[in-house]
Amino acid sequence: MSSRRVIVVGGGAAGFFAAITCAEAAPDVEVMVLERGPRFLSKVRISGGGRCNVTHACFDARELTARFPRGERALLGPFRTFAASDTVAWFETRGVKLKTEKDGRMFPFSDASQTIIDCLLSAATAANARLLLNRGVERAAQRADDGFELTLSNGDKLACDRVLLATGGCRAAATGQIAVSLGHTLEPPVPSLFTFHIETPWLRELAGISVEVVEASVPGARLRERGALLVTHWGLSGPVVLRLSAWGARVLHRLNYRFPLQLNWLPHLDAEAISGELHSRHQTQPARFIGNSPMAPLPARLWEQLVLAAGIPRDTRWATLTRAARHSLIQQLIRTEFEVTGKSLNKDEFVTCGGVRLGEVNLKTMESRICPGLYFAGELLDIDGLTGGFNFQAAWTTGWIAGKAMAAR
Ligand SMILES: Cc1cc2nc3c(=O)[nH]c(=O)nc-3n(C[C@H](O)[C@H](O)[C@H](O)COP(=O)(O)OP(=O)(O)OC[C@H]3O[C@@H](n4cnc5c(N)ncnc54)[C@H](O)[C@@H]3O)c2cc1C
């Protein structure tokens with residue numbers, strides 16, 4: 001090898017960001033991206049329902065780290081180096097303006113992930129990075145002279161001075177094996193960002209209903225979250241469920257995704273306030289059927305089912321609500337208990353909890369502490385965030401830092 005060569009393994013978000021950063025910072029370095037699939041950036045394409053939720057309008061590094069069930073503390077330094085505002089500026093400099101939705105998620109104005117793909121591809125090409133498809137890396141070995149030799153799935157061998165592993169979430173054991181073969185440890189991979197299966201028939205009848213704010217908790221697992229809830233054909237989804245699944249990824253895996261879930265449908269009110277509200281209806285509308293007079297902001301169909309689940313017959317009027325039945329209704333409103341019996345992938349975004357152990361990586365450079373010249377970026381690391389653009393932000397940040405560091409050496 002005459003000049004320095006950097007090989008990026010994996011043509012996803014993190015790999016591209018690292019390759020572009022390195023190639024722009026060190027034009028004399030030959031930067032190659034090896035992608036095993038027939039397309040680059042295939043997850044970017046499907047991300048955010050085809051719109052690509054690029055990042056989140058959260059511009060304080062510490063606040064941003066709080067959105068990472070894995071990597072929270074370790075990411076503070078990296079996010080101070082390359083923050084969400086840097087992502088916005090990076091894309092804007094290259095002609096892609098991002099817009100912010102009410103909930104803070106940021107998308108390209110075009111609402112098309114293809115805009116992001118085109119931007120990354122053209123930036124990589126302009127920086128003279130060599131982009132190679134259908135080049136799966138099977139093995140990597142350290143050479144005596146400080147570099148690496150990579151063996152590709154077609155038997156070809158490639159030598160390089162630095163290698164970056166950006167092969168994505170290692171849910172399939174093989175994805176992390178190159179890192180393991182070079183001395184690294186994987187935190188066992190389990191899914192994060194999934195939805196809950198619940199077989200309760202009355203809940204399933206409510207498929208399609210959403211409630212803006214509920215409090216969901218898993219007693220015994222110390223998990224409690226507030227947020228919007230969506231009833232699906234197989235159980236429950238929505239931001240509050242995804243957050244529980246992310247913070248509880250490990251413990252819920254240990255429970256084999258079978259656990260009790262409690263919902264408080266009116267978390268802004270305490271039992272006393274609810275009791276007062278029920279009592280006032282008893283006084284002001286004694287002749288109305290209970291099941292027909294929902295308490296705001298609960299949807300009418302949900303209210304009706306909760307009344308029935310409390311054991312109150314459909315034809316009960318407020319005037320005849322007994323003290324015991326009122327107590328039972330309050331319990332149902334603040335503590336409905338469901339049995340979760342499994343999980344499904346959330347189609348909008350899912351990630352892997354687990355990956356290369358962070359203590360083995362220098363997060364100032366993303367270089368391995370075990371194998372000099374080896375770098376990591378993206379979801380292969382034991383870093384994963386909540387849904388909302390945080391996972392891409394981690395990919396951009398770690399990719400950018402690795403790219404700069406590889407260019408400097
Ligand atoms: C359906 C879906 C939607 C999502 N939407 C969003 C979103 O809107 N916003 C957000 O922030 N996050 C989203 N995510 C998460 C986000 O896509 C990932 O966190 C992010 O893509 C991780 O980037 P990465 O580069 O580390 O890995 P990846 O994007 O997975 O890229 C890794 C690449 O490496 C390649 N590769 C693997 N092994 C080898 C090998 N041995 N040799 C060569 N190449 C290899 C793979 O083929 C792949 O192309 C979504 C995830 C999914 C599944």
Side-chain angles (χ1 to χ4, degrees), residues 7-19 32-56 58 64 67-68 70-71 84 87 98 101 104-108 111-113 116-117 120 131-140 150-154 156 158 163-179 181 191-194 242 246 345-353 355-356 366 375-400 402-403:
I7 291 187
V8 172
V9 184
F16 262 76
F17 227 64
M32 294 171 86
V33 179
L34 304 182
E35 166 54 49
R36 75 170 166 201
R39 276 179 162 193
F40 294 114
L41 299 161
S42 51
K43 268 205 195 161
V44 173
R45 184 178 306 279
I46 58 169
S47 67
R51 296 200 296 145
C52 188
N53 179 191
V54 178
T55 185
H56 201 94
C58 177
L64 193 56
R67 290 359 201 292
F68 286 82
R70 266 68 49 188
T87 303
L98 303 182
E101 305 222 317
R105 292 179 303 157
M106 301 192 77
F107 294 87
D111 273 332
S113 56
I116 301 300
I117 295 176
L120 293 168
L131 308 177
L132 300 166
L133 287 170
N134 302 308
R135 303 290 206 289
V137 174
E138 296 262 292
R139 286 189 298 282
L150 308 188
T151 307
L152 309 196
S153 43
N154 62 6
D156 285 357
L158 281 172
V163 64
L164 169 77
L165 295 181
T167 49
C170 54
R171 198 157 330 150
T175 311
Q177 284 320 300
I178 301 176
S181 74
S192 180
L193 300 179
F194 48 84
L242 297 177
L345 284 183
N346 161 42
K347 284 193 230 80
D348 286 340
E349 181 175 351
F350 52 87
V351 286
T352 305
C353 149
V356 171
M366 297 297 149
Y375 292 76
F376 297 99
E379 213 183 304
L380 174 63
L381 289 160
D382 182 25
I383 288 174
D384 62 275
L386 302 177
T387 171
F390 303 106
N391 287 298
F392 276 139
Q393 184 55 51
W396 313 132
T397 294
T398 52
W400 190 88

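Computation of the quantities below employed the complete heavy-atom set of this structure, encompassing side-chain atoms and omitting hydrogens, waters and symmetry-equivalent molecules. Order of listing sets the numbers, starting from 1, for every ligand and every atom in it.
- Close contacts between ligand 1 and Gly12 involve ligand atoms 25 (O), 29 (O), 31 (O), 33 (C) [criterion: under 4.0 Å to a heavy atom].
- Atoms CZ and CD, on Arg135 and Glu35 in that order, are 11.5 Å from each other to the nearest 0.5 Å.
- Close contacts between ligand 1 and Gly389 involve ligand atoms 9 (N), 10 (C), 11 (O) [criterion: under 4.0 Å to a heavy atom].
- Each of the atoms 40 (C), 42 (N), 43 (C) of ligand 1 lies under 4.0 Å from some heavy atom of Val9.
- Contacts between Arg51 and ligand 1, counted as non-hydrogen atom pairs separated by less than 4.0 Å, are absent for every part of the residue.
- Of the polar atoms of Ala14, at least one N or O is found under 3.5 Å from an N or O of ligand 1, judged by distance alone.
- Contacts of Thr387 with ligand 1, taken as heavy-atom pairs under 4.0 Å, are absent altogether.
- The distance from ligand 1 to the heavy atoms of Gly378 drops below 4.0 Å at these ligand atoms: 26 (O).
- For ligand 1 and Gly136, the ligand atoms under 4.0 Å from any heavy atom of the residue are 42 (N), 43 (C).
- Contact analysis puts Arg135 in contact with ligand 1, with a non-hydrogen atom separation below 4.0 angstrom.
- The protein heavy atom nearest to atom 30 (O) of ligand 1 is Lys43 NZ, 3.6 Å.
- The protein heavy-atom contact nearest to atom 34 (O) of ligand 1 is Gly10 CA, 3.2 Å.
- For Ser42, no nitrogen or oxygen atom sits less than 3.5 Å from a nitrogen or oxygen atom of ligand 1, counting backbone and side chain alike.
- For atom 5 (N) of ligand 1, the choice among Ala166, Pro38, Gly48 with the nearest heavy atom turns out to be Gly48.
- For the side-chain contact (heavy atoms from CB on, under 4.5 Å) with Val9, the lone residue among Leu164, Leu165, Leu152 that qualifies is Leu165.
- A heavy-atom distance below 4.5 Å is found between the side chains of Met32 and Leu158.
- Every atom of ligand 1 is numbered from 1 in the order shown, and the set under 4.0 Å from a heavy atom of Ile46 is 1 (C).
- Heavy-atom proximity to atom 21 (O) of ligand 1, evaluated over Phe392, Trp396, Phe350, is greatest for Phe392.
- When non-hydrogen atoms are compared, ligand 1 lies under 4.0 Å from the backbone of Phe390 (N, CA, C, O) but not from its side chain.
- Between Thr151 and Glu138, the side chains place no donor N or O within less than 3.5 Å of an acceptor N or O (distance only, hydrogens not considered).
- If you check which protein heavy atom lies closest to atom 28 (P) of ligand 1, you get Gly168 CA, 4.1 Å.
- Using a 4.0 Å heavy-atom cutoff, Gln393 is absent from the residues neighbouring ligand 1.
- Atom CZ of Phe107 and atom SG of Cys52 lie 8.0 Å apart (nearest 0.5 Å).
- Looking at Arg70 and Asp382, no side-chain N of the basic residue comes within less than 4.0 Å of a carboxylate O on the acidic one, giving no salt bridge.
- Checked against the 6.0 Å centroid criterion, the rings of Trp396 and Phe17 qualify as a close aromatic pair.
- Here the straight-line distance linking atom OG1 of Thr175 with atom CD of Gln177 works out to 9.0 Å at 0.5 Å rounding.
- Taking every heavy atom of Ser47 and a limit of under 4.0 angstrom, the matching atoms of ligand 1 come to 3 (C), 4 (C), 5 (N), 6 (C), 7 (C), 8 (O).
- Counting only heavy atoms of the protein, atom 1 (C) of ligand 1 lies nearest to Lys347 O, 3.4 Å.
- Among Val137, Leu150, Thr175, Leu380, the residue whose heavy atom lies nearest to atom 42 (N) of ligand 1 is Val137.
- Distance alone, capped at 3.5 Å, is enough to place a donor-acceptor pair between the Glu379 side chain and the Thr352 backbone.
- Residue contacts with ligand 1 for Val351 involve side-chain atoms from C-beta outward but no N, CA, C or O (heavy atoms, distance under 4.0 Å).
- Counting heavy atoms from C-beta on, the side chains of Phe392 and Val44 come closer than 4.5 Å.
- For atom 13 (C) of ligand 1, the candidate residues are Glu138, Glu35, Glu349, Arg105; the nearest heavy-atom contact is made by Glu349.
- In this structure, the protein non-hydrogen atom closest to atom 19 (O) of ligand 1 is Glu379 OE1, 2.7 Å.
- Residue Gln393 is tested with Thr55, Thr398, Asn53 for a side-chain hydrogen bond (donor to acceptor under 3.5 Å, both in side chains); the sole match is Thr55.
- Considering only non-hydrogen protein atoms, atom 9 (N) of ligand 1 sits nearest to Asn53 O, 3.0 Å.
- Per-residue contacts place Leu34 under 4.0 angstrom from the following atoms of ligand 1 (heavy atoms of the residue considered): 43 (C), 44 (N).
- Checked by atom type and distance alone, the side chain of Asp111 never pairs as donor or acceptor with a backbone atom of Arg51 at under 3.5 Å.
- Atoms SG and CD1, on Cys353 and Ile383 in that order, are 12.0 Å from each other to the nearest 0.5 Å.
- Nearest protein heavy-atom neighbour of atom 36 (N) of ligand 1: Arg36 NE, 3.9 Å.
- Distance check: Phe40 CZ to Leu133 CG gives 3.5 Å after rounding to the nearest 0.5 Å.
- Here the protein heavy atom with the shortest distance to atom 4 (C) of ligand 1 is Asp348 O, 3.3 Å.
- Each of Asp156, Leu150, Val163 was checked for a side-chain contact (heavy atoms from CB on, under 4.5 Å) with Val137, and the lone residue meeting it is Leu150.
- Using a 4.5 Å heavy-atom threshold, the side chains of Cys58 and Arg67 count as touching.
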